[in-house]
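Small disclaimer: the values here were computed from a predicted structure and weren't measured.
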Amino acid sequence: MGMPMKIRAGLKDGVTEVKILMQHEMETGLRKDAEGKPIPAWFITDVLAQYKGKTVLDAQFGQSISKNPYLLFRFKGGAVGEKVNVSWVDNKGDKRSDDGVIA
Amino acid sequence: MNVEVNLDRRNALKAGGGLGLMALFGAVGLLSSKAALAEWNKTAFSAKTMDEALAAMGVSTAESNAIFIQLTVPEIAENGSIVPVSVTSTFPNVEQISIFVDKNPSVLAAQFNIPAGTESMVTTRVKMGQTANVVALIKADGKFYRTAKEVKVTAGGCGG
Amino acid sequence: MNKKSIIGATLALSMALLANASWAVEVVTLEAKAAAIIKRDFRDKGIAKADRVIQDELQASCSKYLDNLPAKLNDKIKAQQEAVMKYPADGVYMGDWKAGEKLAQSGRGMTWSDKAEEQPGGNCYNCHRLSSKEIAYGTIGPSLLHIGKDRGNTVEIQKYIYGRIYNAKAYNPCANMPRFGHMGILGEVQIKDLVALLLDPESPVNK
Amino acid sequence: MTTSNLMKVILAMALSASFAAVAAEPEMSDSDRIARYRDMISDGNPADFDEMAGEELWKTAAGPSNATLEKCDLGKGPGVVKGVYAVLPKYFKDTDKVQDLESRLVTCMVTLQGFSEEELVKKPFSTEQKKSDITLLTTYVVGQSKGVKMAVALKHPKEKEAYELGKVIFNYRAGPYDFACSTCHATNSVRIRMQDLPNLNVKSNAQSAYTNWPAYRVSQGLTRSFQWRLNDCFRQQRFPEPKFISETTIDLTMFLAVSANGAPYAGPGLKR
């Protein structure tokens with residue numbers, strides 16, 4: 001089970017802005033540890049954001065996304081007090097799902 | 001489960017999220033790792049050059065356009081491990097936004113599928129091993145467009 | 001001047017003296033106390049041994065006077081530093097500017113995370129502008145861009161630059177710049193390479 | 001082309017026109033560009049996660065005494081976390097010492113939870129392998145002072161002395177490079193490589209520098225405490241290692257914290 005995300009969602013002029021901060025190492029697989037052994041690649045591959053069961057963003061990541069990935073996007077609609085659900089899965093099959101309440 | 005894995009995720013998306021995989025995601029609120037991995041474009045994300053990556057994504061031509069694609073990156077990044085990238089497109093019917101770093105070991109950083117109702121705008125952060133071009137690729141009405149900007153990655157701190 | 005004002009002036013003067021004296025005592029006490037605390041609070045780590053916090057006369061004086069030494073003390077310390085200056089025995093001051101550029105780029109060396117066997121860098125770009133191609137340069141020291149072009153490349157200039165890198169304190173006792181040669185941070189070969197980086201007409205510093 | 005698409009095109013043209021106007025503005029300096037970079041990464045600080053983890057630690061019973069830290073007196077009475085970072089370092093009667101946040105947390109972990117001080121100070125900083133509990137707790141506590149104006153007092157004689165000693169330590173030149181803190185931090189508008197250096201003798205500089213620590217260090221992927229910051233300063237000064245929560249580090253912190261008085265605390269920050 002992955003570590004919790006931080007999701008902030010705000011409604012303005014009929015558009016919901018979603019900011020997501022995920023906790024993940026995002027190892028490229030190219031780094032070496034102190035003993036010179038390669039650190040295996042470990043990164044989020046897929047992110048899905050949904051509002052009321054409908055997909056509002058569908059992302060795929062590669063090794064070049066920064067540690068603790070950050071995402072910002074906007075979708076039309078949304079209502080204060082409703083939830084935006086975000087889930088991710090990484091290349092090892094680990095996953096995480098969290099909700100952010102629209103403010 | 002097997003049936004769902006074999007479903008084309010793109011088609012599932014277009015069907016409006018009420019079928020197959022999307023129903024599963026909606027109900028569980030979690031991505032099915034198996035399904036997701038099957039979908040993840042391994043060839044494109046492992047590509048070492050822009051040409052390889054574009055080929056893996058089925059892009060034969062991508063017209064250069066800096067007017068309808070706004071790519072916002074810092075001119076200088078104090079640290080290559082976080083480089084903020086924002087892509088906004090004013091093309092109608094944007095379906096996909098992709099971000100590349102042309103000198104990274106794997107050039108494709110991220111690909112975003114933009115469903116109807118979601119603005120054609122996304123901000124994220126990428127790693128850059130050295131000074132390089134950040135490339136934004138947009139798919140709109142089935143056609144591809146691109147723009148690029150250079151980000152200088154500098155030596156930081158006292159170096160120790 | 002009437003009597004009252006004389007008394008007033010004397011009083012003011014003696015009060016000023018008193019204040020001054022107690023201030024001086026206070027400072028000495030604080031400095032000694034701080035030095036004792038520092039000596040107690042630091043420990044060996046890697047190549048950085050605890051005795052590094054013990055000040056030499058130059059360091060103690062510059063600390064005490066916030067880098068503005070009284071003239072007499074300034075002359076004394078400058079003379080001490082001049083006396084320990086060492087120039088290359090072969091009379092050659094310039095080496096390879098390419099090796100010099102590499103050294104200038106490196107900010108490593110002498111910290112507890114550095115290794116004893118590694119040659120410390122020159123740390124030059126940390127504080128100085130050198131090659132016009134490097135935009136990530138510091139500004140604590142003056143810009144050295146085009147220094148060779150502007151000052152020429154005579155043996156006198158070469159020797160002067162060598163000396164400034166070997167021991168900047170022989171020119172200005174409380175300079176920010178480390179005493180690279182005197183403190184054993186850089187050897188003769190390294191300093192020569194840096195002189196070349198600064199003065200060689202082919203060096204990017206002079207392009 | 002539909003009407004709405006036409007609107008998009010017009011909007012795009014207007015946007016590109018305004019972009020052209022931006023480009024025509026006078027050259028940005030490299031420092032402006034760096035400032036812009038910092039501004040662009042300022043949203044979404046991973047230190048938030050450490051604040052959350054630290055709060056969990058604060059409220060969870062631990063140690064040989066199996067107690068939480070909820071009765072810990074950080075300077076505003078037992079259990080008060082809100083705003084305490086803005087009054088630290090401070091003199092504490094029970095220990096008869098001036099203490100900064102990290103040393104006070106150690107005191108509480110020893111007295112309330114029964115940990116051994118010797119063990120606690122052995123590995124006080126986070127590493128890639130393991131985050132430090134003291135740093136996580138610190139991150140939580142400082143987050144509870146966001147927006148609170150720095151008001152470090154110099155009332156007790158020991159507080160005054162710590163400040164005066166801190167000032168001397170700030171100017172103490174030693175080591176193979178002859179460096180003091182002041183070598184890099186007592187001049188206006190200078191930089192090392194691309195990093196602007198705050199002149200800590202200037203109030204506004206000292207305020208923005210101090211109130212943005214602790215901070216998440218992008219280059220290390222970890223949240224770093226103020227004790228760590230000073231430790232790394234001494235490393236770069238080519239000094240030996242200052243002992244964790246030693247008087248030297250606390251006196252220096254006192255000097256810097258007082259210099260920041262009056263400014264709202266803005267951390268945990270986000271740094272290169």
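- In terms of heavy-atom pairs under 4.5 angstrom with chain D, the leader among C:R40, C:R43, C:M110 is C:R43.
- In the model, C:Y125 has a side-chain atom that pairs as donor or acceptor with a side-chain atom of C:E101 under 3.5 Å.
- A salt bridge does not link C:D193 with C:K102: none of the charged nitrogens is closer than 4.0 Å to a carboxylate oxygen.
- Both the backbone and the side chain of C:I140 come within contact range of chain D, with heavy atoms under 4.5 Å apart.
- Between chain D and the residues C:M177, C:R129, C:K169, the largest count of heavy-atom pairs under 4.5 Å involves C:K169.
- Salt bridge annotation for C:D75-C:K78: absent, with no cationic side-chain nitrogen under 4.0 angstrom from a carboxylate oxygen.
- Of the two parts of C:I135, the backbone and the side chain both hold a non-hydrogen atom closer than 4.5 Å to a non-hydrogen atom of chain D.
- For the residue pair D:Y91 / D:D96, a side-chain donor-acceptor distance below 3.5 Å is found, with atom types taken as modelled.
- The residue among C:C127, C:A35, C:G141, C:A48 with the most heavy atom pairs within less than 4.5 Å of chain D is C:A48.
- Each of C:D67, C:L73, C:N74 was scored for a side chain to side chain contact (heavy atoms under 4.5 Å, CB included) with C:P173, with one residue passing: C:N74.
- Interface summary for chain D: among C:K49, C:R179, C:H182, C:H128, the most heavy-atom pairs under 4.5 angstrom belong to C:R179.
- With a 4.5 angstrom heavy-atom cutoff, D:S182 does not touch chain C via any of its atoms.
- Using a 4.5 Å cut-off between heavy atoms, D:N188 does not touch chain C at all.
- For chain C, no part of D:F170 is nearby; none of its heavy atoms comes within less than 4.5 Å.
- Checked for salt-bridge contact, C:R151 and C:E156 miss the test: no charged N lies under 4.0 Å from a carboxylate O.
- For the atom pair D:L197 CG and C:T139 OG1, the distance stands at 7.5 Å (nearest 0.5 Å).
- For C:I37, the parts sitting under 4.5 Å from any heavy atom of chain D are the backbone and the side chain alike.
- Interface residue D:D251: only side-chain heavy atoms are found under 4.5 Å from chain C.
- Of the two cysteines examined, C:C62 and C:C174, the SG atoms meet the criterion of being under 2.5 Å apart.
- Interface remark: of the candidates D:E247, D:E241, D:K243, D:E241 forms the most heavy-atom pairs closer than 4.5 Å to chain C.
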